[in-house]
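Keep in mind that the numbers below use all heavy atoms, side chains included, and drop hydrogens, waters and symmetry copies. This structure is a prediction, so every number in the text was calculated from the model and none was measured.
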Amino acid sequence: MYDPTVARLTYRALLGRRRALILGALPLLLIVISVIVRALVGADDQTASDLLGGLALATMVPIIGVIAGTGAIGPEIDDGSVVYLLSKPIKRPTIIFTKLIVAIAVTMVFSALPTFIAGLILNGNGQQIAVAYTVAALVSSIAYAALFLLLGTVSRHAVVFGLVYALVWEALFGSLVAGARTLSVQQWSLAVAHKVAGGDLVTSDVGLPTATVLLVVVTVLATWYAGQKLRSLTLAGEE
């Protein structure tokens with residue numbers, strides 16, 4: 001289910017100079033802001049939770065997920081170079097699964113690690129805030145990568161749709177409409193973070209059992225459907 005050649009090509013595409021600069025911009029901004037906040041406010045648990053929840057988990061992680069998930073396959077479909085890959089004797093689910101693993105790895109490195117560093121800067125991991133949000137970033141990276149990889153497979157406007165979901169649905173509607181929070185990767189990952197941190201600093205509108213099931217179901221279904229769409233793309237090209 002994992003092809004090293006596909007993985008190497010995907011890593012090369014995702015970590016090219018231009019995309020690597022974009023991927024690194026938000027983590028760097030998070031760390032810089034964390035340093036400034038720590039200098040101005042000192043070690044405050046509530047401030048650390050608010051910043052990690054509002055900037056890291058709600059903004060940085062989904063945007064990086066969009067870049068990594070759609071970038072893992074979208075550009076190849078847009079420029080037609082995917083035909084070369086599909087002409088190789090590699091099973092289509094293997095291609096999707098390999099690209100998903102790469103997208104997850106890139107999203108985790110550029111989101112979870114900076115989140116942990118920012119948490120240590122803000123309050124030294126007081127009340128397990130840094131660890132809790134890091135775990136949330138790791139968990140959400142998996143679901144985001146799968147969702148946005150699917151978008152990259154089915155649409156030429158995957159980046160736009162991904163940003164709309166991440167910034168409009170989750171950030172805007174999620175803060176205004178209670179029902180929308182149930183269908184939010186952010187809230188699902190916050191349920192996991194709440195379990196890690198305990199207390200009331202990290203909260204979620206979704207219970208942990210529900211969140212766990214939804215994270216698994218969305219990841220599996222998105223990956224499966226992306227594989228099916230790639231199969232149909234192959235057939236269309238062969239016709």
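Residues Met60 and Pro27 are in side-chain contact: their nearest non-hydrogen atoms beyond the backbone lie under 4.5 Å apart. Arg92 is listed as a side-chain neighbour of Leu86, based on a closest heavy-atom distance under 4.5 Å. Counting heavy atoms from C-beta outward, Leu57 and Thr115 have side chains that stay 4.5 Å or more apart. Between Thr182 and Asp205, every side-chain heavy-atom pair lies at or beyond the 4.5 Å cut-off. For the pair Thr153/Ile96, a side-chain contact is recorded, criterion being any heavy-atom separation below 4.5 Å from C-beta on. For the pair Phe97 and Lys91, the minimum side-chain heavy-atom distance is 4.5 Å or more. For the pair Leu183/Tyr165, no side-chain contact is recorded, criterion being any heavy-atom separation below 4.5 Å from C-beta on. Counting only heavy atoms from C-beta outward, the side chains of Thr94 and Val6 never approach each other to under 4.5 Å.
Counting only distance, with no hydrogens or angles, the side chain of Thr134 and the backbone of Ala130 share a donor-acceptor pair below 3.5 Å. For the pair His194 (side chain) and Thr203 (backbone), a donor-acceptor distance under 3.5 Å is absent. Side chain of Thr47 to backbone of Ala43: no donor-acceptor contact under 3.5 angstrom is found. Ser140 contributes no side-chain N or O that, together with a main-chain N or O of Val61, makes up a donor-acceptor pair within less than 3.5 Å. For the pair Thr210 (side chain) and Val206 (backbone), a donor-acceptor distance under 3.5 Å is absent. Between the Thr59 side chain and the Ala56 main chain, no donor and acceptor come within less than 3.5 Å of each other. Using a distance-only test at 3.5 Å, with no hydrogens or angles considered, no donor-acceptor pair links the side chain of Ser141 to the main chain of Ile104.
Residues Thr10 and Lys99 have side chains that bring a donor and an acceptor to within less than 3.5 angstrom of each other. Between the side chains of Ser49 and Tyr133, at least one donor N or O lies within less than 3.5 Å of an accepting N or O.
The minimum heavy-atom distance linking Leu138 with Ala112 is given by the pair CD2-CB, 3.4 Å.
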| message | I'd like to know whether Leu230 forms a side chain to side chain contact (heavy atoms under 4.5 Å, CB included) with Ile95, so could you lay out the CA-CA distance, the side-chain angles of the two residues, the decisive distance to 0.1 Å, and finally the verdict. | response | CA-CA 9 Å; Leu230 198 61; Ile95 295 174; 3.9 Å; yes
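Here the CG-CG distance, from Leu55 to Leu30, works out to 5.0 Å after rounding to the nearest 0.5 Å.
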